[in-house]
Amino acid sequence: MSEPSTQDLPPVLPNGMPAEAARHYRELGLWTGQTHRDLFDSAISGRPERTAVVDRHRSLTYRELGEGMARAAAVFRAAGVGEGSPVVVQLPNSAVFLETVGALFALGAVPVFALPAHGSREVEHFCALADAVAYVGPRRGPRDLLAVADAVREHRGDVAVVTVDERVAQPWAEARVDGDVVDVRDAAMPTTRVSPASLAFLQLSGGTTALPKLIPRTHDDYLYSVRRSVEVCDVRPEDVMLVALPCAHNFTMSSPGILGALHVGATIVMAADPSPTTCLSAIEKHGVTQAALVPPLLLAWLNSPAVARHDLSSLRTLWVGGAKLSDTAARRVGPELGCTLQQVFGMAEGLVNYTRLDDPEDLVVTTQGRPMSEHDELRILAEDGTPVAPGEPGVLHTRGPYTIRQYHRAPEVNARSFSEDGFYCTGDIVRQLPSGHIVVVGRDKDQINRGGEKVAPEAVENELLAHPAVHDVSVVGIPDEALGERICAYLIPRGDHRERMPTAVELRGFLRGRGLSSFAVPDVFEVVSEFPHTGVGKTSKKDQRGMAVPERGPATD
Ligand code: OOB
C-alpha cells in the first residue's frame with residue numbers, strides 16, 4: 001500500500017479523532033497527506049505569473065507571494081517562531097495576511113486566527129490558551145486595534161509582538177519584532193515539513209462560553225473540506241474571488257474561500273471593508289466572479305444605489321451564510337445581481353452545507369443546503385435524545401471527515417459539546433427534507449448571532465457586571481430586520497446609582513476600554529428594576545427576548 005499507515009499517527013489526533021477514524025478517512029481517499037504548505041507551494045510553482053492577491057496597496061503574482069512569504073518567514077524566525085509555534089494573527093484583509101499565513105505554514109508554525117474586531121481581552125485569552133510564541137498585528141490602523149498589541153506587550157511578556165504595515169510597498173522590510181526591524185534581504189523559504197495529521201491552525205469558536213474556545217484543525221481534515229468545497233462551488237483557475245468578510249474567518253478561509261482559490265491558482269481580491277461602495281466597484285474593476293457574504297451584507301448590497309452604477313456582469317456566484325438568510329432576500333439575488341446564489345450553513349468546528357449550483361430555485365432560496373460530503377453523518381435529535389421523525393425539527397449533531405471531536409484544551413466544554421461517539425452537538429435546531437437539504441429553524445444554545453457575528457451573552461454580562469453602577473445584567477438577542485438579531489443588555493442599577501445611570505455611550509466606552517470585541521458591544525441598553533423570571537426563579541431570557549425594544553423604565557411582568 002502506498003498510503004501512510006496508522007503507524008505515524010498518534011492514538012488521538014489534535015482534532016480529537018482517534019487514529020482509527022483517521023486511517024478510515026485515508027483509506028477512503030478523503031485525506032490525502034497534503035499540508036497547507038503543499039497547497040501554497042503548488043500554487044506558487046504551478047502559476048508563478050498569475051496574479052495571486054490584490055489589495056488596495058499591492059498586487060502580487062504567485063511568484064511574488066512566495067518571495068513575500070520568505071521575507072515574512074525571516075521576520076517570524078527572528079520573533080522566535082519555529083515548528084509547532086502558535087502565533088496569534090490579527091490582521092486586516094490584505095496581501096500581508098496571505099504572506100503571513102503562508103510563511104507560518106512554511107515554518108511549520110500554527111496560526112491562531114483572531115479577527116480585527118477582537119478586543120485585547122479576547123486576544124490575551126487566545127495567547128494564554130494557545131501558549132502563543134508571537135502575536136502579529138497591524139502597525140497602523142484603528143486605535144482599538146493598535147491597543148491590542150500594547151495590551152499583549154504589557155500583559156504577556158513571553159509573547160513576541162510583530163507589527164507590520166500592510167499599506168507600504170515592502171511591508172516585511174519595515175516590520176518590527178518587539179520594536180526592531182529585521183534584515184529580510186536574501187531571505188529564503190524555510191524547508192520545514194510537518195505531518196499532515198498535525199495541528200495546522202486554531203480557529204475560534206462562535207462563542208457560547210464567556211471566552212471563545214479554540215478549534216484545532218489538522219492539515220488533512222481541513223484540506224479535504226477545501227477540495228470538496230472547490231468541487232461543490234465550481235471554483236476555477238480563471239476565477240477572481242472577492243474577500244469582503246474578515247479574511248481569517250472559517251467561511252472566508254475555506255468555504256471555498258481563500259484556500260479554495262489558492263488550490264486552483266485563482267486570484268484573490270481583498271476588500272478593505274465590506275461596504276457596497278468598496279465591494280461593488282472592486283467587482284467591476286477586477287472582474288470579480290465570486291464572493292462570500294453574511295445576510296446583512298447581502299441586503300446592503302441589494303439595497304445599494306451603487307448596484308445600478310457598476311457593471312457586475314463578471315459575477316457568477318455569491319455564497320451567503322453565517323446566519324439565516326430570508327427567502328425574500330434570497331429570491332432577489334439572481335434577478336438583481338445577475339449571479340447564482342449558494343446558501344452556506346457552516347461552522348468553524350467542521351460541517352459545511354451548500355445548496356448546489358444545479359438545485360431548483362425553490363431549494364436554493366428556502367434551505368441552507370445539504371452536507372458537502374457524503375461522509376458527513378448527521379443526527380437530528382428530540383429533547384430526550386432520540387432521533388426525530390423525518391422532517392421534524394430537532395438539535396443537529398454531526399460527525400465526519402472534517403468535523404472536530406474536541407476543542408483545544410477544554411476538557412469540561414468537550415464533555416458537553418461532543419457525544420461519547422464523537423458527534424459534535426451544534427446547538428442548531430434544524431429539519432431535514434427528503435432531498436437531504438437542511439432548514440435551520442432555531443437555536444438551542446446561549447448565543448447571539450448578530451448578522452453572522454457570534455456573541456456569547458455571558459462574555460458581555462461579565463464585563464458589564466464590573467461597572468460600579470450595575471447591580472445585575474442580562475444580555476439577550478432581540479429581533480432586528482437587517483441583522484437578524486441585535487444585542488440588548490438589560491441592566492438593574494446598584495442602589496445608589498438609580499438616579500443617574502451611565503448613558504449608552506459611556507457604557508460602550510467602558511466595555512471597549514475593558515477590551516471587549518467591538519461586535520459584542522450591545523446595541524441597546526435598557527434599565528429595569530427587575531428581570532422576568534422562570535418558574536424556578538431563573539432570569540427568563542426567553543421573556544426578555546420577547547420584550548423586543550421595550551420602553552425605558554421598570555419591566556412590567
Ligand atoms: C460560520 O461559522 P461559525 O463558527 O462562525 O458559526 C457557526 C454557527 C452555526 O452553528 C449556526 O448557528 C450559524 O453559525 N450559522 C447559520 C448559517 N451558517 C452558520 N445559521 C443559519 N443559517 C446559516 N446559513 O458561520 C460559517 C462557517 C463556514 C461557512 C459558513 C459559515
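Everything numeric here is computed off the predicted structure, so don't read it as measured data. Numbering of ligands and ligand atoms starts at 1, following listing order.
- The residues Asp131 and Arg409 are annotated as salt-bridged, a charged nitrogen and a carboxylate oxygen being separated by less than 4.0 angstrom.
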Short N or O separations between ligand 1 and the protein, below 3.5 Å:
{"residue": "ligand 1", "atom": "4 (O)", "partner": "Ala348", "partner atom": "N", "Å": "3.0"}
{"residue": "ligand 1", "atom": "5 (O)", "partner": "His249", "partner atom": "NE2", "Å": "3.1"}
{"residue": "ligand 1", "atom": "5 (O)", "partner": "Lys454", "partner atom": "NZ", "Å": "2.9"}
{"residue": "ligand 1", "atom": "6 (O)", "partner": "Lys454", "partner atom": "NZ", "Å": "3.0"}
{"residue": "ligand 1", "atom": "10 (O)", "partner": "Asp428", "partner atom": "OD2", "Å": "2.5"}
{"residue": "ligand 1", "atom": "10 (O)", "partner": "Lys445", "partner atom": "NZ", "Å": "3.0"}
{"residue": "ligand 1", "atom": "12 (O)", "partner": "Asp428", "partner atom": "OD1", "Å": "2.5"}
{"residue": "ligand 1", "atom": "12 (O)", "partner": "Asp428", "partner atom": "OD2", "Å": "3.4"}
{"residue": "ligand 1", "atom": "12 (O)", "partner": "Lys445", "partner atom": "NZ", "Å": "3.4"}
{"residue": "ligand 1", "atom": "14 (O)", "partner": "Lys454", "partner atom": "NZ", "Å": "3.3"}
{"residue": "ligand 1", "atom": "15 (N)", "partner": "Gly322", "partner atom": "O", "Å": "3.4"}
{"residue": "ligand 1", "atom": "18 (N)", "partner": "Gly322", "partner atom": "N", "Å": "3.0"}
{"residue": "ligand 1", "atom": "22 (N)", "partner": "Ala323", "partner atom": "O", "Å": "3.4"}
{"residue": "ligand 1", "atom": "22 (N)", "partner": "Lys324", "partner atom": "N", "Å": "3.4"}
{"residue": "ligand 1", "atom": "24 (N)", "partner": "Val344", "partner atom": "O", "Å": "2.8"}
{"residue": "ligand 1", "atom": "25 (O)", "partner": "Lys454", "partner atom": "NZ", "Å": "3.0"}

Tabulate below the donor-acceptor pairs under 3.5 Å that side-chain atoms of residues 292-302 make, not counting sequence neighbours, or state none.
{"residue": "Trp301", "atom": "NE1", "partner": "Pro274", "partner atom": "O", "Å": "3.4"}

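- In this structure Lys541 satisfies the side chain to side chain donor-acceptor pair (under 3.5 Å) test together with Glu461, sequence neighbours excluded.
- Side-chain N or O atoms of Thr100 include one that pairs as donor or acceptor with a backbone N or O of Val96 at under 3.5 Å.
- For the atom pair CG of Asp428 and CD of Gln368, the computed distance is 10.0 Å after rounding to the nearest 0.5 Å.
- The salt bridge (charged side-chain N to carboxylate O under 4.0 Å, His left out) search around Asp358 returns none, not counting sequence neighbours.
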